[in-house]
Amino acid sequence: MIGLADCNNFYASCERVFNPKLDRKPVVVLSNNDGCIIARSNEAKKLGIKMGEPAFKIKGIIEKHNINVFSTNFALYGDLSRRVMNTFRTEVNKMEVYSIDEAFLDFTDFLDKDRLVQLKMKVQKWTGIPVSIGVAKTKTLAKVANHIAKKHTKAGVFIFEDEDLVKRALNVFPVEDLWGIGRKNAKRLKEVGIHTALQFRETNTHWIKRNLSINGVKLQKELKGEICYPLKLTTQRKKNICTSRSFANEINEVKKLREAVSSHANTCAIKLRKEKSCCSTVGVFLNTNPFKSKAEQYYPYKMFRLDVPTNDSIEIVKFALKGLDQIYLPSYIYKKAGVIVGRTVPESQVQLSLFDNLDRDKRRKVNSVVDRINKRMGKDKVKLAVQGTGRKWKLKQEKLSPCYTTRFADMLEVKV
DNA sequence: TCTGGGGTCCTAGGACCC
DNA sequence: TCTGGGGTCCTAGGACCC
């Protein structure tokens with residue numbers, strides 16, 4: 001049996017851990033740039049606040065109901081996520097960390113509701129984060145079980161013990177809530193009269209293959225209890241890494257864009273080195289503001305293939321800036337810029353080029369010294385001059401909570 | 001005024017090979 | 001008038017996920 005453990009309203013719950021005044025009060029967390037709602041406490045959900053809604057549109061509701069609003073604080077959420085996952089690890093032998101707030105747990109020898117409840121309580125006690133756990137034969141069914149655990153049980157745990165229970169649950173489970181059915185496919189399915197998960201499970205497989213591709217067929221099998229998505233027990237190297245940000249204020253000057261792009265490129269290089277990967281492609285893109293319907297839109301992208309895969313900051317920044325020069329047009333005003341590095345290979349398996357004249361050994365040493373200094377003294381203490389000093393393209397983050405667990409200056413003080 | 005960021009996988013179609 | 005059959009690889013775009 002496979003369990004899906006999912007943190008309830010994760011980011012909102014994280015904000016509560018060190019700020020108990022927020023208990024039972026509505027809490028929302030905003031996306032980067034304080035743009036959209038990306039997490040809501042149950043109280044906020046009850047007020048009708050929707051996922052992904054732009055914050056400025058619900059300003060009235062926020063003020064009227066005294067909703068507690070937070071900018072996104074990934075240092076905090078990432079660290080609490082690590083703690084939650086480590087707590088799971090104390091109880092199961094095999095698990096797959098699926099996202100920042102979810103893990104698939106191997107419950108092959110663990111089918112006991114009381115132990116599930118205990119696990120849930122342990123996470124709550126050790127980390128302060130509430131979780132729900134659903135258990136079933138496959139990942140897809142575990143997702144359904146998790147839904148039920150969250151919405152219809154007090155204990156927050158639910159097990160699909162037999163096929164009859166599965167069938168009854170699928171019969172009332174909306175097809176659009178299935179894992180792998182998105183907006184487009186949900187619409188398509190409803191048009192032909194498929195509204196519930198059970199109806200989907202009984203649909204002709206050829207029709208599903210034709211209309212939803214092989215993924216739809218796998219989904220159908222998983223609903224029947226046949227595993228198509230086994231637990232991934234080894235962490236996979238990322239195939240692409242992207243760093244991008246919207247600007248708080250739109251930008252036209254190429255100098256500021258160069259600062260933003262080189263910073264994103266440098267971040268990509270740092271992420272690569274952390275993964276012990278090198279990339280074989282470097283791409284850069286710009287976006288105008290898509291919400292300005294009157295303005296002419298421009299979404300350029302330029303990618304380079306490298307002769308020798310690299311994770312050197314200087315080299316990746318150079319390619320990104322070269323791309324920027326090729327796509328930048330002064331007649332547009334830009335809202336977003338980003339860098340994508342792709343086709344990664346393990347650092348230890350880089351194919352050298354006969355015509356390479358870069359002293360890669362030296363660069364490797366420089367990067368590792370810079371990484372070490374920044375780890376010890378703080379992010380960006382040492383950076384490339386082209387990144388600039390001002391971060392004039394800065395994000396909007398007006399409601400940021402402290403990094404309680406990852407920065408000494410932000411630690412809570414207890415007076416006794 | 002104000003609208004996020006980071007991923008994966010699949011498919012069709014084009015280019016190329018023999 | 002009439003022009004085969006069987007492959008691989010790559011890419012862009014679209015779907016999905018959190």
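Computed from a predicted structure; not experimentally measured. Below, chains carry the letters A, B, ... as their sequence lines are ordered, and counting in each starts from 1. Any value given below was found using the heavy atoms of this structure, including those in side chains, with hydrogens, waters and symmetry copies removed.
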Report which part of the nucleic acid A:Ile181 touches: base, sugar-phosphate, or nothing (heavy-atom distance under 4.0 Å, all strands). sugar-phosphate

Please report the distance separating the C1' of B:dC17 from the corresponding atom of C:dG4, rounded so that it comes out in whole Å. 15 Å

d(CZ, A:Arg245; P, B:dG5) in whole Å: 6 Å

Has A:Arg188 got a side-chain N or O lying under 4.0 Å from the OP1 or OP2 atom of C:dA15? no

Of A:Asn367, A:Asn311, A:Asp312, the one forming a side chain to side chain donor-acceptor pair (under 3.5 Å) with A:Arg273 is A:Asn367

Check the phosphate of C:dC18 against A:Lys143, side-chain N and O only, distance under 4.0 Å to OP1 or OP2. Yes or no? yes

Would you mind reading off the distance between A:Tyr229 atom OH and C:dC17 atom P, rounded to a whole angstrom? 11 Å

Assign A:Glu53 to base, sugar-phosphate, or nothing according to its heavy-atom contacts below 4.0 angstrom with the strands shown. nothing

Let's see if you can work this out: which of B:dG6, B:dC2, B:dG4 has an atom nearest to the side-chain heavy atoms of A:Phe56? B:dC2

Nearest-Å distance, CD1 (A:Ile37) to P (B:dT3)? 13 Å

A:Ile214, nearest nucleotide to its side chain (from B:dG4, B:dC10, C:dC18): B:dC10

Sugar-phosphate, base or nothing in reach of A:Lys335, heavy atoms under 4.0 Å: sugar-phosphate

Nearest-Å distance for atom pair CG/C1', residues A:Asn289 and B:dT1: 12 Å

Is there a side-chain contact between A:Asn240 and the phosphate of B:dT8, meaning an N or O under 4.0 Å from OP1 or OP2? yes

Using a 4.0 Å heavy-atom cut-off, does A:Asn215 contact any base of the nucleic acid, only the sugar-phosphate backbone, or nothing at all? sugar-phosphate

Taking 4.0 Å as the cut-off, does a side-chain nitrogen or oxygen of A:Lys218 come that near to OP1 or OP2 on B:dC9? no

Between A:Asn68 and A:Lys21, is any side-chain donor less than 3.5 angstrom from a side-chain acceptor? no

A:Asn249 has an atom CG; how far is it from atom C1' of B:dT3, in whole Å? 15 Å

Side-chain atoms of A:Ser246 come closest, of B:dT8, B:dG5, B:dT11, to B:dG5

Among the nucleotides B:dG4, B:dG7, B:dC9, which one has an atom lying closest to any side-chain atom of A:Asn32? B:dG4

Listed nucleotide nearest any side-chain atom of A:Lys184, set B:dG4, B:dG5, C:dC16: C:dC16

Given C:dC17, is OP1 or OP2 found less than 4.0 Å from the side-chain N or O atoms of A:Ser99? no

Would you say A:Arg237 has more than 12 foreign heavy atoms packed within less than 6.0 Å of its CZ? yes

Describe the nucleic acid contact of A:Arg210 in one word from base, sugar-phosphate, nothing, applying a heavy-atom distance below 4.0 Å. nothing

Heavy-atom neighbours of A:Lys399 NZ exceed 12 at 6.0 Å: no

Are A:Ser244 and B:dG4 close enough that a side-chain N or O sits under 4.0 Å from OP1 or OP2? no

Pick base, sugar-phosphate or nothing for A:Leu178, based on heavy-atom distances below 4.0 Å to the nucleic acid. sugar-phosphate

How long is the line joining CD of A:Gln397 and C1' of B:dG4, in whole Å? 12 Å

Regarding A:Tyr299 and A:Gln297, is there a side-chain donor-to-acceptor distance under 3.5 Å anywhere? yes

A:Asn185 side chain: which of B:dG4, B:dT11, C:dA15 is closest? C:dA15

Of the candidates B:dT3, B:dT8, C:dC17, the side chain of A:Tyr98 sits closest to C:dC17

Classify the angle between the aromatic ring planes of A:Phe74 and A:Tyr77 as parallel (below 30°), tilted (30 to 60°) or perpendicular (above 60°). perpendicular

Output the rounded distance in Å from CG (A:Asn211) to P (C:dG14). 18 Å

Is A:Thr72 touching bases, backbone alone, or none of the nucleic acid, heavy atoms closer than 4.0 Å? nothing

Please state whether the phosphate of B:dT1, meaning OP1 or OP2, lies under 4.0 angstrom from any side-chain nitrogen or oxygen of A:Lys396. no

Specify the separation, in whole Å, of atom CE of A:Met51 and atom C1' of B:dG4. 10 Å

Enter the distance from A:Leu223:CG to A:Lys137:NZ here, rounded to the nearest 0.5 Å. 12.5 Å

Looking for any heavy atom pair under 4.0 Å, which part of the strands does A:Ile241 touch: base, sugar-phosphate only, or nothing? sugar-phosphate

